[in-house]
4 protein chains.
Amino acid sequence: MNNSENILEIILKEEQSITDKQKKILIAAIDAFSEKGYAATSTSEIAKMAGVAEGTIFRHYKTKKDLLLTLLSPLLSTLIAPRVIKDFDKVLNVSHHNFEDFLRAIVKNRMEFLQKNNTLFKILIQEIPFHDDLRETFKNQIAVKIFGRFQEIMESYKEKGEIISIPSSSSVRLTVTSIFGYFIARHILLPDIKWDDEEEIERTIQFILYGLKPRE
Amino acid sequence: MNNSENILEIILKEEQSITDKQKKILIAAIDAFSEKGYAATSTSEIAKMAGVAEGTIFRHYKTKKDLLLTLLSPLLSTLIAPRVIKDFDKVLNVSHHNFEDFLRAIVKNRMEFLQKNNTLFKILIQEIPFHDDLRETFKNQIAVKIFGRFQEIMESYKEKGEIISIPSSSSVRLTVTSIFGYFIARHILLPDIKWDDEEEIERTIQFILYGLKPRE
Amino acid sequence: MNNSENILEIILKEEQSITDKQKKILIAAIDAFSEKGYAATSTSEIAKMAGVAEGTIFRHYKTKKDLLLTLLSPLLSTLIAPRVIKDFDKVLNVSHHNFEDFLRAIVKNRMEFLQKNNTLFKILIQEIPFHDDLRETFKNQIAVKIFGRFQEIMESYKEKGEIISIPSSSSVRLTVTSIFGYFIARHILLPDIKWDDEEEIERTIQFILYGLKPRE
Amino acid sequence: MNNSENILEIILKEEQSITDKQKKILIAAIDAFSEKGYAATSTSEIAKMAGVAEGTIFRHYKTKKDLLLTLLSPLLSTLIAPRVIKDFDKVLNVSHHNFEDFLRAIVKNRMEFLQKNNTLFKILIQEIPFHDDLRETFKNQIAVKIFGRFQEIMESYKEKGEIISIPSSSSVRLTVTSIFGYFIARHILLPDIKWDDEEEIERTIQFILYGLKPRE
DNA sequence: CATGAATGAGTATTCATTCAT
DNA sequence: CATGAATGAATACTCATTCAT
């Protein structure tokens with residue numbers, strides 16, 4: 001599945017309209033932004049890291065902000081791509097008769113995607129609080145499209161009686177929060193301690209599963 | 001309970017060693033940092049907002065970073081204060097015979113605290129990724145002390161068979177993640193949409209409760 | 001008469017709200033702008049010439065453009081000051097019974113003013129083509145107020161039959177052009193060749209006088 | 001008469017050694033220089049306006065300054081061309097028995113030339129204060145050659161008693177200043193107000209004529 | 001001939017910080 | 001205690017120019 005790939009690598013390899021220096025700039029910028037944050041990273045720093053002249057950055061990206069957005073846009077558009085939405089459907093219709101299978105498929109799928117693009121995600125999450133446009137995109141695109149489809153699916157499981165009968169907006173939030181919560185703890189808050197990813201993910205799945213199980 | 005109060009207000013009111021200008025500086029800095037982030041906020045901006053001269057800031061706080069740390073320190077020290085630790089014990093020993101009561105007490109207590117100090121928390125969470133010292137403090141103090149005590153308590157409930165038998169580090173993470181996950185979604189990612197706090201909190205409690213319930 | 005003074009000197013001496021460094025900046029800027037032009041002068045250059053740090057310039061003048069406007073504004077406001085307008089009247093009413101006396105008085109008076117402030121004038125004239133706001137000010141303030149009053153006076157001499165009967169807008173233009181033409185040739189186009197100011201001015205007066213004399 | 005033509009058009013049309021792109025560059029540069037001034041115009045701007053790549057400009061003109069000089073050179077060389085000097089003679093010898101005829105011919109001729117090339121003239125006049133080489137060329141070529149011949153002619157009219165007996169350097173200056181003064185007011189200082197060119201020119205001629213008439 | 005990526009010095013402006021008043 | 005003038009390094013960005021394609 002393509003969306004399980006590292007987005008950046010795909011772009012760097014497949015996009016041939018991109019020059020060598022441009023690639024170096026992107027890599028350096030991702031590195032710097034994820035570690036020190038957008039605002040605390042200077043363009044001269046990025047240039048030095050990328051081994052290019054400072055002017056070269058601005059030949060390709062009109063402004064520093066433009067560089068950030070260019071960086072994040074493949075992630076954002078991947079997230080809202082129809083393909084991704086279809087994944088949900090495929091996951092749902094084709095093979096997953098019950099909520100557990102669906103959850104497992106979705107967590108595995110999303111978690112892999114998160115992990116493979118964790119640096120870009122880190123930047124996105126870290127910068128969202130400071131950029132209105134980013135937050136707006138996030139809210140209007142991601143939240144509406146992904147969460148919307150997610151909610152429909154939840155609704156159907158609720159009707160089938162496979163999960164508890166609460167508004168699906170809440171059940172989606174609790175599910176997503178648990179997954180993202182793990183990601184944030186893992187990669188942002190406590191990136192330096194050791195994590196047994198497999199175990200933790202299994203426990204997170206179980207946690208969500210039982211947390212949303214219909215009460216007898 | 002004092003830790004359910006707005007920390008900043010307490011300091012501004014009770015601390016008499018603090019001058020009027022100093023208070024204005026703190027308020028302005030909190031405002032600016034929480035909205036634009038530490039790195040993107042200039043000291044001259046803070047000075048203007050606070051209605052003081054630029055130099056005045058540096059009379060009280062050696063550096064801009066010092067101002068940030070001063071700002072966060074009451075929050076940090078409240079979090080790791082022995083009093084808070086004792087709260088856990090009190091919650092545990094005195095009255096809460098079972099896990100549900102404990103969880104309810106702790107969630108109510110912590111959530112109130114989060115909400116009352118949401119601006120300071122927002123700053124803390126936003127800045128943690130960018131400041132090693134902050135993250136170190138967080139890891140060594142908060143994680144070790146709070147989570148440590150939390151884990152002990154979880155352990156005891158596990159022994160009593162009230163919750164599922166997984167490493168308490170995981171059960172604590174899942175619990176905390178659900179609570180913080182709500183806070184982050186609520187105040188940082190999607191601060192502009194309407195939230196029914198009471199309902200969502202109740203659902204979150206139920207979610208944790210069932211998610212950690214021993215499997216039959 | 002105050003308007004026969006060097007405007008800059010007056011400001012540098014009398015204005016006490018101006019710091020020492022600020023004076024140096026103004027002097028350096030005038031020097032640089034008049035010689036190389038506004039656009040070709042860098043703020044770092046001005047700073048170096050003034051012996052101040054570059055930042056100091058921007059503490060006092062928000063932008064480079066602001067520095068230019070601040071520089072020119074005393075000249076501009078002197079030109080449109082009611083006092084200057086009154087000068088015309090005084091020149092006219094009190095003592096000058098005929099056009100020749102009036103012209104002599106006005107040329108002497110204006111030419112002295114031009115010469116004493118020739119550097120500032122040079123800047124104004126050189127920059128007018130490139131700055132819409134400056135040109136607007138010039139048109140709306142100088143042209144309307146000064147030329148307006150000038151025209152009225154011309155009109156009265158025309159009625160008395162002392163000058164030729166053409167629209168006073170034209171006679172004013174021809175007069176002013178001859179005076180300014182001399183100034184521009186003298187200070188801007190050919191500043192390096194020797195000029196016998198007194199003689200040339202006398203010839204210019206005669207030229208205007210006879211050029212506007214009623215035809216028999 | 002060829003010198004009454006638009007110099008630029010002639011070059012663009014007749015010069016076949018000039019490429020299409022080069023023409024576009026020249027047109028764009030004239031446009032930009034005349035409006036914003038040489039120093040405030042960037043080569044990339046010119047390239048964009050001309051619809052060519054940045055490098056293309058430098059293929060044809062070694063430096064930006066070179067572009068300016070190339071632009072002005074046809075104007076400058078036209079002004080000092082032997083042909084122009086001969087015009088004076090023709091004007092003088094062949095047909096003009098008296099000063100008035102001569103003045104009329106010369107003003108008409110020169111004014112037409114000024115008007116037809118007003119953009120290039122605008123650039124020349126605007127840039128002269130900032131470029132020593134331009135000023136030097138102007139002084140050595142224009143002033144010496146044109147003014148020199150002009151003075152000789154003036155001298156002859158003076159001897160014939162047709163004009164006042166002042167140094168012809170002064171009479172030339174007064175004449176030229178009146179003509180250029182009109183041009184500058186018309187095209188540089190107040191380009192936006194309406195002008196009745198024919199009337200103003202006639203008045204200017206009359207003004208010069210009577211201004212230089214021998215005093216009885 | 002023409003391109004446009006690349007450069008590095010330079011641009012106006014802002015920064016956190018100092019210090020004399 | 002508070003000010004705000006002063007600083008010089010740093011900032012994002014632009015410049016004229018070069019050169020491989």
Side-chain angles (χ1 to χ4, degrees), chain A residues 17-22 24-25 39-48 50-67, chain B residues 19-22 24-25 39-48 50-67, chain C residues 17-22 24-25 39-48 50-67, chain D residues 19-22 24-25 39-48 50-67:
Chain A
S17 72
I18 230 169
T19 75
D20 198 53
K21 304 255 168 186
Q22 230 176 124
K24 284 181 188 163
I25 291 169
T41 301
S42 74
T43 50
S44 83
E45 220 169 328
I46 296 171
K48 216 169 287 165
V52 304
E54 206 169 350
T56 307
I57 294 177
F58 291 94
R59 170 154 298 275
H60 298 291
Y61 309 97
K62 271 206 286 288
T63 62
K64 188 185 161 193
K65 177 81 179 248
D66 197 43
L67 175 57
Chain B
T19 74
D20 197 52
K21 303 255 170 188
Q22 230 176 126
K24 283 181 187 163
I25 291 169
T41 302
S42 74
T43 49
S44 81
E45 217 175 328
I46 297 171
K48 212 171 292 166
V52 305
E54 294 188 50
T56 309
I57 292 176
F58 292 92
R59 172 152 300 278
H60 297 290
Y61 311 96
K62 268 209 294 287
T63 63
K64 187 185 163 193
K65 178 81 179 247
D66 198 43
L67 174 58
Chain C
S17 72
I18 230 169
T19 75
D20 198 51
K21 303 254 170 189
Q22 229 176 125
K24 283 181 189 163
I25 291 169
T41 301
S42 75
T43 50
S44 82
E45 220 169 329
I46 296 172
K48 214 169 289 164
V52 306
E54 207 169 345
T56 307
I57 293 177
F58 291 92
R59 171 152 299 275
H60 298 291
Y61 310 96
K62 271 206 285 288
T63 63
K64 188 185 161 194
K65 178 80 179 247
D66 198 44
L67 175 56
Chain D
T19 76
D20 198 53
K21 302 255 170 189
Q22 231 175 121
K24 282 182 187 161
I25 290 170
T41 303
S42 75
T43 50
S44 80
E45 217 174 331
I46 295 171
K48 211 171 292 163
V52 305
E54 294 188 51
T56 308
I57 292 176
F58 291 92
R59 171 152 301 277
H60 297 290
Y61 311 96
K62 269 209 293 289
T63 63
K64 186 186 165 194
K65 178 79 179 247
D66 199 42
L67 175 57

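Letters A, B, ... are given to chains in the order of the sequence lines, protein chains preceding strands, and every chain is numbered from 1.
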(request) Please identify each residue that fulfils side-chain hydrogen bond (donor to acceptor under 3.5 Å, both in side chains) with A:Ser44, with sequence neighbours left out. (result) A:Ser42

(request) Remember a base hit wins even if backbone is also touched, and classify B:Thr43 as base, sugar-phosphate or nothing at under 4.0 Å, heavy atoms. (result) base

(request) Indicate whether OP1 or OP2 belonging to E:dT7 is found under 4.0 Å from a side-chain N or O atom of A:Lys21. (result) yes

(message) So which atom in A:Lys64 and which in A:Thr41 form the shortest heavy-atom distance, rounded to 0.1 Å?
(response) NZ-O, 2.8 Å

(message) Is the shortest side-chain heavy-atom distance between A:His60 and A:Thr19 below 4.5 Å?
(response) yes

(message) Angle between the two end axes of the helix from E:dA2-F:dT21 to E:dT21-F:dA2, five base pairs per end, rounded to 10 degrees?
(response) 0°

(request) Check D:Tyr61 against D:Asp66 and note the closest heavy-atom contact, atom names and distance. (result) CA-OD2, 3.6 Å

(request) Extract, from 5' to 3' on DNA chain F, the first and final nucleotides lying under 4.0 angstrom from some heavy atom of chain B. (result) F:dC1 to F:dG4

(request) Starting from C1' on E:dG10, measure out to NZ on C:Lys64 and report it in whole angstrom. (result) 12 Å

(request) Could you check how far CD of B:Glu45 sits from C1' of E:dA16, rounded to whole Å? (result) 13 Å

(request) Assign each of B:Ala40 and D:Arg59 to its nearest nucleotide of DNA chain E by heavy atoms, then name whichever residue's nucleotide is nearer the 5' end. (result) D:Arg59

(message) Please give me the minimum heavy-atom distance between B:Ile46 and B:Leu67, naming the atom from each residue.
(response) CD1-CD2, 4.0 Å

(request) Could you state the atom-to-atom distance from CG of C:Leu67 to C1' of E:dA12 in whole Å? (result) 12 Å

(message) On DNA chain E, does the nearest nucleotide to A:Asp20 precede the nearest nucleotide to B:Phe58 from the 5' side, or the other way round? Give the residue.
(response) A:Asp20

(message) The criterion is side-chain hydrogen bond (donor to acceptor under 3.5 Å, both in side chains); which residues satisfy it with A:Lys65, sequence neighbours excluded?
(response) A:His131, A:Asp133

(request) For B:Thr56, report the nucleic acid contact type (base, sugar-phosphate, nothing); a contact means any heavy atom under 4.0 Å. (result) base

(request) Applying salt bridge (Lys or Arg N to Asp or Glu O under 4.0 Å), name anything that partners C:Glu54, two or more places apart in sequence or on another chain. (result) none

(request) Between C:Gly55 and A:Gly55, name the one whose nearest nucleotide on DNA chain F is closer to the 5' end. (result) C:Gly55

(request) Quick one: label A:Gln22 by what it contacts on the DNA or RNA (base, sugar-phosphate, nothing), any heavy atom closer than 4.0 Å. (result) nothing

(message) Both A:Lys65 and C:His60 contact DNA chain F. Taking the nearest nucleotide for each, which residue is further toward the 5' end?
(response) C:His60

(request) Identify the heavy atoms of C:Ile57 and C:Ala47 that sit nearest to each other, and give their distance. (result) CD1-N, 3.7 Å

(message) Under the rule for salt bridge (Lys or Arg N to Asp or Glu O under 4.0 Å), what residues qualify as partners of D:Lys24, not counting sequence neighbours?
(response) D:Asp20

